[in-house]
Amino acid sequence: MSFTAADHQAMALALQLAERGLFTTSPNPRVGCVLVAPDGETVGVGWHEKAGEPHAEIHAIRAAGQRSRGAAAYVTLEPCNHFGRTPPCADALIAAGVAKVVAAMPDPTPLVAGRGLARLQAAGIETACGLMANEARELNIGFISRMTRGRPWLRLKAAASLDGKTALNNGASQWLTSPDARRDGHRWRARACAILTGIGTVRDDDPQLTVREIETPRQPLRIIVDSRLETPLTARILHGGGPVLIAGAVADAAKIAALQAAGAEVIILPNVDNKVDLPQLLTELARRGINEIHAEAGCKLNGSLLQAGLVDELLLYLAPCLVGHQAAGLFNLPELTNLDSKRRLQIRDLRQIGPDIRLLARLRDQ
């Protein structure tokens with residue numbers, strides 16, 4: 001069906017409302033809802049704020065009260081039709097007496113997947129789907145990935161000089177980029193469910209990997225890929241800032257006990273090379289409800305994630321400086337013998353952040 005300018009305006013507002021849950025809804029999707037009366041007046045708005053609490057549709061219905069009857073509901077994701085932590089939103093919309101429901105996109109959850117809209121249609125409610133679907137998909141790209149691929153969306157962040165170097169050979173890397181770029185990077189950390197790094201970064205930089213530059217209602221899970229369980233017990237990442245998960249490959253009981261005593265959870269996921277099985281790690285994180293992973297690691301883990309086909313998106317901050325060819329690079333990847341083997345990217349966004357350039361690019365098969 002064709003959508004009017006008024007339809008677009010209502011859904012744009014619903015998407016803005018959904019974005020208010022950017023840091024808080026995991027493992028649920030970010031959803032907004034707008035109720036519009038037949039005379040065109042917006043009578044109720046709502047957004048999903050936190051898992052376990054009412055969904056966007058319920059907030060909007062409560063705000064509209066009796067004016068829900070006969071209204072059109074604009075929802076950024078197909079209303080659910082099943083009992084989870086909360087009752088079905090499709091049933092709530094039927095009970096409220098809405099005349100029409102417009103969803104930006106179908107819910108990829110297997111329990112829903114078109115059944116929510118079908119229930120509304122069976123109740124005599126007019127339905128439509130697909131309005132501003134791309135915007136809705138981007139807002140919940142991690143949730144969609146977990147539902148459809150069984151693994152989180154992995155965004156790999158790195159900061160480099162214009163010649164693609166992340167640190168000097170002596171390890172010095174602070175700071176290549178500006179405070180503006182670092183603050184922007186913390187916004188991306190905050191929207192993720194988990195921040196992933198490797199043992200090399202923990203040893204060399206001793207990072208906290210917390211969200212500090214902006215206000216956030218929660219700290220993401222921090223994950224260390226540490227095959228031999230060499231994370232120092234004094235590492236700052238273990239002391240404050242929320243939960244820590246260490247993925248190892250060697251079941252050393254003494255090391256596991258020591259790390260657990262320091263407050264970390266340890267899981268052992270070896271591959272045939274006695275390294276951490278990275279695909280299996282992402283499957284386990286999906287099982288735990290992790291939608292988006294924000295990776296901040298060194299060139300070795302960056303390269304391993306790329307070679308395993310686990311990187312969906314690159315978030316690169318490029319500083320206007322040169323540090324020379326002997327400095328550390330971005331990715332540890334095997335040498336190519338022909339350019340046909342190069343990894344192709346699709347640039348999604350390019351902008352200046354302070355004096356630096358921020359590049360958002362996706363692997364071409366994503």
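Atoms considered below: every heavy atom in the structure, side chains included; atoms not considered: hydrogens, waters and symmetry mates.
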Separation of Gln16 CD from Leu139 CG (nearest 0.5 Å): 11.5 Å

Approximate separation, where rounding is to 0.5 Å, of Tyr74 OH and Leu17 CG: 14.5 Å

Say whether [X] and [Y] are linked into one hydrophobic cluster, either directly or through other cluster members, by side-chain heavy-atom distances under 4.5 angstrom.
X	Y	result
Trp153	Met147	no
Ile268	Ile224	yes
Ile195	Leu154	no
Val34	Met11	yes

Beyond-backbone contact of [X] with [Y], side-chain heavy atoms, under 4.5 angstrom:
X	Y	answer
Leu278	Leu301	yes
Leu245	Leu285	yes
Leu131	His8	yes

Tyr317: hydrophobic cluster co-members (side-chain, 4.5 Å): Trp188, Leu315, Leu360

Can a side-chain donor-acceptor contact be found between [Y] and [X] if the only test is distance below 3.5 angstrom?
X	Y	answer
His59	Glu57	no
Gln121	Thr127	yes
Thr231	Asp226	yes
Asn291	Arg146	yes
Thr25	Asn28	no

Qualifying side chain to side chain donor-acceptor pair (under 3.5 Å) pairs, either residue in residues 154-165, two or more places apart: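 As it turns out, the side chain to side chain donor-acceptor pair (under 3.5 Å) pairs with a partner in residues 154-165, which skip direct neighbours, are Arg155-Glu292, Arg155-Glu313, Ser161-Asp163.
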
Can you confirm whether more than 12 heavy atoms, excluding those of [X], are under 6.0 Å from its [atom1] atom?
X	atom1	value
Glu284	CD	yes
Arg343	CZ	yes
Glu41	CD	yes

